Structures are given as C-alpha cells and as structure tokens.
Amino acid sequence: MASLSASISCRSSPLVSPQALLGEPEERRSVLSHLPRSPACRVGVLPSLRRRDLSKTIHASVTDVSVDIAMKEVQLPKGETWSVHKFGGTCVGNSQRIKNVANIVMKDDSERKLVVVSAMSKVTDMMYDLIDKAQSRDDTYVFALDNVLEKHRSTALDLLEGNDLATFLSQLDGDINNLKAMLRAIYIAGHATESFTDFVVGHGELWSAQLLSFVIKKNGVHCKWMDTREVLIVCPTNSDQVDPDFPESEQRLEKWYSQNPSKTIIATGFIASTPYNIPTTLKRDGSDFSAAIMGALLRARQVTIWTDVDGVYSADPRKVGEAVILKTLSYQEAWEMSYFGANVLHPRTIIPVMRYDIPIVIRNIFNLSATGTKICRPSVSEDDDSHKLESYVKGFATIDNLALVNVEGTGMAGVPGTASAIFGAVKDVGANVIMISQASSEHSVCFAVPEKEVEAVAEALQSRFRQALHAGRLSKVQVIPNCSILAAVGQKMASTPGVSATLFNALAKANINVRAIAQGCSEYNITVVVMRDDCIRALRAVHSRFYLSRTTIAMGIIGPGLIGSTLLEQLRDQAAVLKEEFNIDLRVMGITGSRSMLLSEAGIDLSKWKELLKEKGEVADLEKFVQHVHGNGFIPNTVLVDCTADSVVASHYYNWLRRGIHVITPNKKANSGPLDQYLKLRALQRQSYTHYFYEATVGAGLPIVSTLRGLLETGDKILRIEGIFSGTLSYIFNNFTGKRSFSEVVAEAKQAGYTEPDPRDDLSGTDVQRKVIILARESGLKLELSDIPVDNLVPEPLRTSASAEEFMKKLPQFDQKWTKKLEEAKAAGKVLRYVGVVDLLKHRGAVEQQTYEKDHPFAQLSGTDNIIAFTTTRYREQPLIVRGPGAGAQVTAGGIFSDILRLASYLGAPS
Ligand code: ADP
Ligand code: ASP
Ligand code: MG
C-alpha cells in the first residue's frame, strides 16, 4: 500500500519532495531511502495515467515474480530499429512548432523512435531567472513564474482539448504551486543549493515532453513520455560537469521500458538524477548530450539533432556571413568545433555515440530540404580527397571572455614539477584551463582560463610561488585580460605542412597580433589566442583565406573628384562579376571629400552614392573616416584609396600602413616628397604584410611601376629609363609640326581639356619631375625631388603672370623661339619631344626637352599617349617599351582598380 498512498500524495512531477532537496546529501539520502521505489510515485505521473496504471503498480509492488514476468514479456529491444531524435528549444518554441515536430516524428518510418526534447525556447533562461530573482530577494519572481505558467498554459490551450488538456493543466498547476513554494523558500533563505536549482530549471523539459507526447497521441499514435530522471544516472564531477553511469542507466532504461513499452517514446532532455536519485541536469545546452546517451543506450541507428540552422557551419553563422555548411565531419572534428565554441552541438554529445559508431545528423527544422551535417567516422574515399589544402581545415570556432596567464622565469627550465605545481594551484581554485602553451625553452608557461576565474588563479599562483618569485627563480605571474581563442579545426591539419603557415599568414595579413599558440598532438586543431577586439576580424580573415568565404575588402575612397568618381563607377559596374567569378567582395564602407563624408556599416550602394552623400553625408573628419572603415570589426582587410593630389592626405600613409591598412593611390605626393619619409614608408611596407600600391602615379593605367618591379625582382639591371610621361606635353609636341604655332597648339590642347586649368602647371614640367623621381627611387636611386633638373617650358617672364588667361594671351610672344627650334630639329631629320630620364649609370635624373631621330619610337607617337623605354642588361639592344594613353580619368581609375585587384590576389583571391 505504501506505493499507492505515496503515488497520490506525490501529485506533481518532482522526483523528491521540495523539502527533501533543502537538506545536505546525507540527509537527502535518508529522505530518499524512505521514498517508495515505484516509478508511479518517483516521477510526475498524470492523474489519468495514474488511474490506469494503478492496478499494475499495486500488483508490481505485491509480488516480485509478476514484475519479472512483465519484464521478460517486454524486454527492451536494442539496435538498428531505434532512431533517436532531439528537438532543440526553438523547434518546440510555440504550439505550431510543437505540431510540426509531432508531424516529423510521425513521418519518420523507423520501427522505433525515441525523441528527446528541450524546453520551449527561452524557458530554461526564464527558470534560471526565477532562481536568481528569488535568491536576490527580488519578489518579482512571482510574476516571472506567472509568465512561465502562462506560456505553457496558452500553448496547451492551443494544442490540446478535453481530458488531455485538463490533465496537462492540472499537472502544470501542481508543478507551478510546488515551484512557488520552493522559490519562496529560496527567497527566505537568500540562497539556492545546486540541486534545488537543477530541480527547478528542469521543469521546462518536463512540460515540453508531456505536451509533445499528448499531441502525438492525439494523432492516434501510441506513445509514452519519459521523465529521464528515472533513467539517466549521472555522477557529478569536480569540473562542473557530470559523467553518465552507463551500466546503471541502461538497467534503469530496461526496467522503465518493461513498464512503459512503446515504439514512440518522448523523453525529456537536459535532466537526470545522481546515483542518490537527486535531480540534476546535464548543464546548459545538455539536451544534445541526453540524446547521445539515449542513442548509445539503445545502440540506435542514428541520432538526429534538429535545430534552427542548416547544420554545422564552417564558422558561427552569426559572426561570418559567408560561412558554409559542412556536409560531413568526423567525430573528432565535431568535438573540437563544439569544444571551441560552436554551440550548435554540446561538446559531450560525441563520446557516447562514437563508442558505437552511431552517426549524428544535424538538421534544420525550418528547412527540411537541407540535408544537414553528418557526423560520423570518416569514409576512406574522403581520406583520398584530403590532399587538398582546404579539406584539411573544416571550420573555425571562437571562445570569448578569456584571460591569458603567463608564468615566466629562468628558474623553471629543467625543474621537474613546475607545471604540476602551476596547474595544481589552478585546480585548487577550481578554474577551468582551456588551453596551455609552453615554449620548449621551458622559460614560460602560458594558459588560458575564463576571465571570471583569472583573479583567483593569479592570486593562487602568487601565493604558491611566493618564494620562487622572491628568490627571482620566477620573474612574473602575468595576466593578459580581454582575450579570445580562435581555433581552426580539421582532420590532420596540424601535421600537414603549409596549413598552419597559411593560417598564420592570413592572420598576419589582417594585421592580427597572436598572443599565444597551441597545437594539440591530436592534430585536429590549431588554437591561437588573440585580443578580444580582434577576434571577429581574425575569424573572418582566416575563414576567407581558406576559400570558405570571399576575399572581402573594406574600402575607403578619399577624394571623389573626377578620378575618384570614375573609380566608383567602375567598381559599381564590376562588383557583381568580381564577387561571382573571382570570389572578391569589395565593399566601399566610406567616401570622403574635403567637406563631407558618407559612412556605411555594410557597404555603400554605389549606384546612388552621390545622392546618399548629399542626403546622409556628415562633416568630413579623416580620422573618424579611417576609424570607421578600418574598425568595422568583421571585414578582414582594409584599403584606403587616396584619389586626391593632396600632400596632407599623403602624410598619413605611414600611420595607416602601420595600423595594417593597405594604401592604394594615384597621388604622387608621398613618393615624390622628402626622401627620408619615402624611405621610411617603403621600409615599413617591406617589413609588414601591409601593401602600398601606386601604379597610377606614373602613366595612369599603364603598367610602368609593375614592369619596373618585375625587372628588378627578377634580377635584371636597369640602365636607363626614358619616356614621355606627360599626356599634355605629348599632345603638344606630337602636334607641333610646323602647321601651327606653338601657342596655337597649347590653346588647342587647353580647348580639348588635355591641360590643367592653368597650362603652366603642365608646361613647368614639375609633374614629369615627380614621375621621374618616383621611378628613380623605385630603381634604387636615393635622390630628392630637387636633384632632378627640369626644363621649364614656361617662359621666364610669364611665370609670374597673374592668371591663366593672361599667360595664354602673352604666350604667342615666344612662338618665334619655338619655331626656330623646330626648324633646326627638322633640318637634322629630328623631332622635338619633352622627356623624363632616369640614368642609372650616372645616378641622376632629368626632365628635358630633347630631339629624336624620325624613326625613334618616341617620334611615332600620336595624341596624348605616353611611352616609356626601359634599357636594361637584358633589354640592351632593343629597350622594353610600354606605350599607351597615360592620362584621363578612365585609364587612371582603371590603373587604381587593377591595384585593388592585385591587392585582392595578394590577400588570397583565386587567380
Ligand atoms: P538548440 O536550441 O536547437 O540546441 P542552439 O542555440 O543550442 O540550438 O544551437 C544552434 C545555434 O548555434 C545556431 O542558431 C547558431 O547560431 C549557433 N552556432 C554557433 N556556431 C555554429 C556553427 N559553427 N554552425 C552552426 N551553428 C552554429
Ligand atoms: N533547455 C536546456 C538549456 O536551455 C537544455 C537544452 O536546451 O539543451 O540549456
Ligand atoms: Mg543546443
């Protein structure tokens, strides 16, 4: 009779009475030992079920023989006939979703199904919040509990009717009343024990499992719901985790099944009992683990984990928009991904299923067409495929809120027991060491712990090593806060040459400072510690480097004048093709003029940037602009494109490069400015992985700087560079053939828009002088701009003329001199040309008006073309010639654009 009376008094779901939970373990055990063993009492049994099961219960308690007979009759079949499903909180988030889950379960044509459910979404958080409120004596816990009640009541009203509804609601009310009493006790005590907390927070699963089983039954399918606290036995460990007791759990499952045989079982996730039958949990997100344990106990065919994403992504999809779904993962890879922060799977889910080679499939309940991710033993064919670099790296995961602890000192080397003493001290404060790294010099040991534990760890180490620190055997115990771990996970990646180099190269290119590195002997992961602020950028940089996402570059355009706006047009027209065909994702995050600037979080719509700049533009502020473009936190690479001719903008390049910002420009000011600054800039560019491209400073889009570099880098020796570098002066001398006077040709050029507004700016030769110094320095000459003599074509008396108009008016006065020069040249069978020269043999450069034979390539020029001849050791007889239009907005912007694409390919875009 004991069981009968107990089953009536024990109306609600608690495994033990609330009072029993208040005591200490010893007391609990004694309270529990008085509790009847019948499951009808130990779990929350619905009144209707209780009535139906009553005779069985009495019968079972009266004679053991009949139990044995019953158990023999319904022995638990194990193996392939079972399929296990787990539905996460969002899957059962409301009544409609619960119906949907019921349909999926019913459609699965496996012979036997065990379905593990989480609490409805947010419910576990709400339950923890109840505890927090009650503990801190905040009496709004009462309202918060009402919300929990209301959420489940309204869901039940939507889903159930008649007896089922009444049964569920009375169960729910009973549970809520008990919880109210318990929370009141916590409120008074101002403290909740761990088991009390576990008991309270597990209710979400009890309710969701019952609701789902009612809905399935309503559809005419026989099914039983299981309070897993009756079956799953777990032992608490020191590290805030629990270890399943598989043999005990298996026995209990067999017993449970013999009393509740069914081909469809709906089981609670998350909750379990200790060996003393005290309710406990598998810790946050533990339902995945519950499903894996159940799968192992049943030796199931497969465990399907249903969630709200299409499977395991190559990185957290909330952090990396371009992450891709991984079709398959090995058990080890899945474990590493989850351990290092991919919370799509609880890390402990893998071990139980791995033991029996049971595959786990992760699927999206909201997208049934997606096949999901299969976690299993890797097939042989996959191994064959693994010679590709990318296939060694499966994905990336991150853990935030960590601190590094660095214990350093010469006295550590070769002293056995130092590491053990360090980690002993850490263990004593109960801190969880996430990663360890020790240099082989044994000079320092460095490890990562959760930020909230670091203070205690540092204190423990200071005290443990007080003497060693005092004696100088240890120099310091240093804490580096605000760190994150970035882990790259993949089968055998760590042992494959080139993989880690590529990884670190990607980090270096994104200018991420790596604080510590660990590479497990498991060969499945490489772990790096970076500063938290760099973490998302680091994640994106490495992710994109392994071709998992596009080479994304954040761009800031400075100076949207004629060239800048032409570049923006070209970018607009080409962006889609670059993205689709070349995997290059260029995002203009900001455009700034001298007065106003336009900033964007995700990238400016280039089809209407002018309107946007007018409507949404803010006051230009170069530092804020740079901060915005570079500081977006998730795009791995930043480039600033300076389309101005401003020396103030150019003076920032050094600083930008130092901050890891790439610079691309047609602005000649930096490279033709003071020599020491130029040398500093180039030295920095060579040391760092930051790029500085300036092809368009000479000859617009013509490949002049890159040709010169190519020659130098391949070991050719430059003897002389000579060329017509000014489109304007090219036009003037190509057309000054004797038909018109010199001043008429200048006026014509001005008319056609080939000159600067004041043609003296072209005729003075300073622009050519700057180009010559750029090429001279590129070739290795250490010259100042003033070392390049210039033939100034502006007649001396006109240099001070007030305006361009006045200059143009007076220019004809000097025509005669020009006509004479031309006649003389013609008489010698030559033409006049205005050229820049770099003479590497004499270590000098010059800008001068020269004459050339009629058959010289420079004499064949037309229009505004530039022509540049490189005479080198290899090209001594016939110089290497580059010729083409060397001015104009389209070709200059094109030159800048090709620098941008060169940058993308340096950063890893496919070629
Ligand atoms: P459930 O409640 O179904 O157990 P979780 O919220 O625990 O769902 O886990 C799913 C979430 O995990 C996804 O919504 C996703 O935001 C996050 N997540 C983090 N890293 C990854 C990853 N690498 N792949 C897929 N999802 C990930
Ligand atoms: N409901 C529990 C939690 O939110 C367990 C789970 O959903 O996996 O932590
Ligand atoms: Mg989860």
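In this text, all values refer to a predicted model and were calculated from it rather than measured experimentally. Indexing begins at 1, ligand by ligand and atom by atom, following the structure's order.
Here Val309 has side-chain heavy atoms under 4.0 Å from ligand 1, and that is the only part of it that gets that close. If you look at Ala315 next to ligand 1, the close heavy atoms, those under 4.0 Å, all belong to the backbone.
Ligand 1 lies less than 4.0 angstrom from a heavy atom belonging to Lys86. Distances shorter than 4.0 angstrom do not occur between any heavy atom of Gly341 and any atom of ligand 1. Distances from ligand 1 to the non-hydrogen atoms of Ser118 include no value under 4.0 Å.
For atom 2 (O) of ligand 1, the nearest protein heavy atom (residue, atom name, distance) is Gly89 N, 3.4 Å. For atom 11 (C) of ligand 1, the closest non-hydrogen atom on the protein side is Asp308 OD1, 4.1 Å. Annotation: atom 12 (O) of ligand 1 to nearest protein heavy atom, Asn343 OD1, 3.3 Å. The protein non-hydrogen atom at the shortest distance from atom 16 (O) of ligand 1 is Arg318 NE, 3.0 Å. What sits closest to atom 26 (N) of ligand 1 on the protein, heavy atoms only, is Val344 CB, 3.4 Å.
Lys283 has a carboxylate O that lies under 4.0 Å from a charged side-chain N of Glu194, or vice versa, which qualifies the two as a salt bridge. A salt bridge does not link Arg587 to Glu601: none of the charged nitrogens lies less than 4.0 Å from a carboxylate oxygen. Residues Glu250 and Arg299 are paired through a salt bridge, judged by an N-O separation under 4.0 Å between the basic side chain and the carboxylate. Looking at Arg377 and Asp357, a side-chain N of the basic residue comes within less than 4.0 Å of a carboxylate O on the acidic one, giving a salt bridge. With respect to Arg348 and Asp285, no salt bridge is recorded, no charged nitrogen being found less than 4.0 Å from a carboxylate O. Using a cutoff of 4.0 Å between basic side-chain nitrogens and carboxylate oxygens, Asp125 and Lys122 are not scored as salt-bridged.
Every residue meeting the side chain to side chain donor-acceptor pair (under 3.5 Å) condition with Thr398, not counting sequence neighbours, appears here in chain and number order: Lys319.
When the heavy atoms of Gly311, Ser338, Gly395 are ranked by distance to atom 25 (C) of ligand 1, first place goes to Gly311. Relative to atom 3 (O) of ligand 1, the option among Asp288, Thr307, Thr124 with the closest non-hydrogen atom is Thr307.
With 3.5 Å as the limit, one finds a donor-acceptor pair spanning the side chains of Tyr524 and Gln491. For the residue pair Ser83 / Gln302, no side-chain donor-acceptor distance below 3.5 Å is found, with atom types taken as modelled. Using a 3.5 Å distance cut-off with no hydrogens or angles, the side chains of Thr280 and Thr274 do not pair a donor with an acceptor. In summary, the side chains of Asp108 and Ser110 do present a donor paired with an acceptor at a separation below 3.5 Å, with no hydrogens or angles considered.
For ligand 1, none of its N or O atoms has an N or O atom of Thr90 under 3.5 Å away.
Contact atoms of ligand 1 toward Tyr313: 22 (C), 23 (N), 24 (N), 25 (C) (distance under 4.0 Å to a heavy atom of the residue). The atoms of ligand 1 that sit less than 4.0 Å from any heavy atom of Ala342 are 20 (N), 23 (N).
Ile325 places a side-chain heavy atom less than 4.5 Å from the side chain of Thr373.
The nearest protein heavy atom to atom 20 (N) of ligand 1 is closer than 4.0 Å.
Atom CD1 of residue Ile186 and atom NE2 of residue His191 lie 9.0 Å apart, to the nearest 0.5 angstrom. Atoms CD and CG, from Gln210 and Asp175 in turn, are 7.0 Å apart once rounded to the nearest 0.5 Å.
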Can you give me a line-by-line list of nitrogen or oxygen pairs between ligand 2 and the protein shorter than 3.5 Å?
{"unit_1": "ligand 2", "atom_1": "1 (N)", "unit_2": "Thr124", "atom_2": "OG1", "d": "2.7"}
{"unit_1": "ligand 2", "atom_1": "1 (N)", "unit_2": "Glu205", "atom_2": "OE2", "d": "2.7"}
{"unit_1": "ligand 2", "atom_1": "4 (O)", "unit_2": "Thr124", "atom_2": "OG1", "d": "3.4"}
{"unit_1": "ligand 2", "atom_1": "4 (O)", "unit_2": "Arg284", "atom_2": "NH2", "d": "2.9"}
{"unit_1": "ligand 2", "atom_1": "7 (O)", "unit_2": "Ser118", "atom_2": "OG", "d": "3.0"}
{"unit_1": "ligand 2", "atom_1": "8 (O)", "unit_2": "Asp285", "atom_2": "O", "d": "3.4"}
{"unit_1": "ligand 2", "atom_1": "8 (O)", "unit_2": "Gly286", "atom_2": "N", "d": "3.4"}
{"unit_1": "ligand 2", "atom_1": "8 (O)", "unit_2": "Ser287", "atom_2": "N", "d": "3.0"}
{"unit_1": "ligand 2", "atom_1": "8 (O)", "unit_2": "Ser287", "atom_2": "OG", "d": "3.2"}
{"unit_1": "ligand 2", "atom_1": "9 (O)", "unit_2": "Arg284", "atom_2": "NE", "d": "2.7"}
{"unit_1": "ligand 2", "atom_1": "9 (O)", "unit_2": "Arg284", "atom_2": "NH2", "d": "3.4"}
{"unit_1": "ligand 2", "atom_1": "9 (O)", "unit_2": "Asp285", "atom_2": "N", "d": "2.8"}

